[in-house]
Amino acid sequence: MTQMPSALTRSACLIDGEWRKAASGEEIVVTNPADGSEVGRVPSLSAAEVEEAVAAAERAFADWSKRAARDRSAILKRWFELIVAHADELGLMMTLEQGKPLAEARGEALYAASFIEWFAEEGKRVYGDVIPSPQTDKRILVLKQPIGVCAAITPWNFPAAMITRKVGPALAAGCTMIVKPAEQTPLTALALGVLAEQAGLPKGVFQVVTGDAKTVGGVLTGSDIVRKLSFTGSTEIGRILMAQSAPTIKKLSLELGGNAPFIVFDDADLDAAVEGAIASKYRNAGQTCVCTNRIYVQSGVYEAFTEKLAARVGSLSVGVGTEPNVSIGPLIDDDAIEKVEAHVADALEKGAKVLAGGKRHARGGTFYEPTVLSGVTQSMRVAREETFGPVAPVFRFDTEEEAVTMANATEFGLAAYFYTESARRVWRVAEALEYGMVGHNTGLISNEVAPFGGVKQSGLGREGSHYGIEDYLEIKYLCTAIG
Ligand SMILES: NC(=O)c1ccc[n+]([C@@H]2O[C@H](COP(=O)([O-])OP(=O)(O)OC[C@H]3O[C@@H](n4cnc5c(N)ncnc54)[C@H](O)[C@@H]3O)[C@@H](O)[C@H]2O)c1
Ligand SMILES: O=C[C@H](O)CS(=O)(=O)O
């Protein structure tokens, strides 16, 4: 049985520079989605213990916010280097608690590290403004200052990157951060805490708390000391947290659900489009917020594209993430595979056909065959709901206008993709798609330098890029009389 790397594994929370268990002794068991085996345990903290972390973050803010950006940057760079140096161990931890194949998991560790490296530099370029005054005896300046104590609540599908995409800008800006990871994948978050300590982050600057989501979330959203909440997860929970944050007027960053369309026009490079669809659809077994959820193919190439896609999908290997050459790991839990099954069943009942997969994998558990459905229509659940699994429903369209209208027919607006060789069409379609991020002739758009985020009910704000640090800063206007 593959074990968690002991040097990075903690069964305690990081609070005020100490590794602490819950006074009650209550714990949350962490299991491997591939076989349900226990891979670790973490504390189930009480509200009072989370409050202690909030108080520690406030104490740490006094010094951390006043340090020179260059000094904060130096510590963040050491953290970056340690994450890179431990990418193999962090990858193994993610495979064991989240299920993704080792190669993907190690890739996520490096992706997570890239946000720390990026914001270690961005923190040194938090510039203000000097504005020409309308009065000659006054000077007008704009300062940017760190918000203060921040909290982050993160999802299970990217146990490392969804944390560093928030903690990197927060700490670079001079804020302090308390993270509540998903109950399914807390061990990776705690491992980041181990490396943060080794990097020299002062106590209280970065803390990791685990426990009942409503209990921990209730403290983090209800405390007036916490001035900002950054949440990544479902739109349903995002609405709840937004409402809970209202009484204290918290600044919010919300990275929520998606329902990405993938449009293939008649003039597309079909082989490239198939590879792009594979990359976008089946990454993390389809469990990413920017995964293609609907594939729209123009009539002239519908049969050719679906035939190529089905053949390619048939070559994807399903297995335990620690095994070699595995493309598709298990889904995170029973609820996840039951939702995938329900979406496929609904589509088939309404006339769709299975071109590949279409059922649970012979390995059992939460393994599902990578699936391609043809003959899909807007009346089916896969058109309206985020499947969050390895299912590619392929719709047919005739005109560009029809494709864009169907692509936009959702309350979500995170990512969209389209393939065409027409330069004129690139501008028309990219501007018409109601999404925060658009990929043209590519199915992979995520990196640390670009603004990641959605519109409509996919969220608020942007992460990564030079925009990402703005959400952790307050603008102060200074008017000084010199007469
Ligand atoms: N936009 C993005 O960048 C992005 C990235 C990853 C995942 N997601 C979305 O997240 C969803 C899947 O992830 P998930 O299942 O972990 O989402 P989720 O919303 O169920 O959980 C996300 C986090 O919220 C916590 N949580 C749940 N209920 C809570 C409550 N009442 N109070 C406080 N915290 C609570 C969970 O413990 C977890 O830490 C999908 O919709 C996916 O699209 C979005
Ligand atoms: O689930 C969506 C995350 O944001 C993952 S990624 O940033 O697209 O890799």
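Whatever order the structure lists them in is the order used to number ligands and atoms, beginning at 1.
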Query raised in the report: Considering only heavy atoms, which protein residues lie less than 4.0 Å from any atom of ligand 2?
Result: Tyr111, Asn157, Phe158, Met162, Arg165, Arg283, Thr288, Cys289, Val290, Ser446, Phe452
Report task. Return the set of residues passing side-chain hydrogen bond (donor to acceptor under 3.5 Å, both in side chains) with Thr176 (not counting sequence neighbours), or none when no residue passes. Result -> none
Query raised in the report: So, are Lys21 and Glu18 salt-bridged, with charged N and O less than 4.0 Å apart?
Result: no
Query raised in the report: Is it true that Arg283 and Glu104 make a salt bridge, defined as a side-chain N closer than 4.0 Å to a carboxylate O?
Result: no
Report task. Evaluate the criterion side-chain contact (heavy atoms from CB on, under 4.5 Å) for residue pair Cys289 and Phe452; output intermediate values, then yes/no. Result -> CA-CA 11 Å; Cys289 57; Phe452 189 104; 3.8 Å; yes
Query raised in the report: Quick check: does any side chain N or O of Thr235 sit under 3.5 Å from a backbone N or O of Gly257, one acting as donor and the other as acceptor?
Result: yes
Report summary line: Tightest non-hydrogen contact, residues Leu220 and Lys250, listed as O-CE, 3.2 Å
Query raised in the report: Exactly which residues line ligand 1, taking a heavy atom under 4.0 Å from it as the test?
Result: Ile153, Thr154, Pro155, Trp156, Asn157, Met162, Arg165, Lys180, Pro181, Ala182, Glu183, Ala213, Lys214, Gly217, Phe231, Thr232, Gly233, Ser234, Ile237, Leu241, Glu255, Leu256, Gly257, Gly258, Cys289, Glu386, Phe388, Leu414, Phe452
Query raised in the report: Any side-chain heavy atom of Asn259 sitting closer than 4.5 Å to one from Arg294?
Result: yes
Under 3.5 Å, sequence neighbours excluded: what are the donor-acceptor pairs made by side chains of residues 105-115?
residue	atom	partner	partner atom	Å
Arg106	NE	Asp88	OD1	2.4
Glu108	OE1	Lys100	NZ	2.5
Glu108	OE2	Ala160	N	2.8
Glu108	OE2	Ala161	N	2.9
Tyr111	OH	Arg165	NH1	3.4
Ser114	OG	Tyr111	O	2.5

Query raised in the report: Would you say the ring centroid of Tyr419 lies under 6.0 angstrom from that of Phe262?
Result: yes
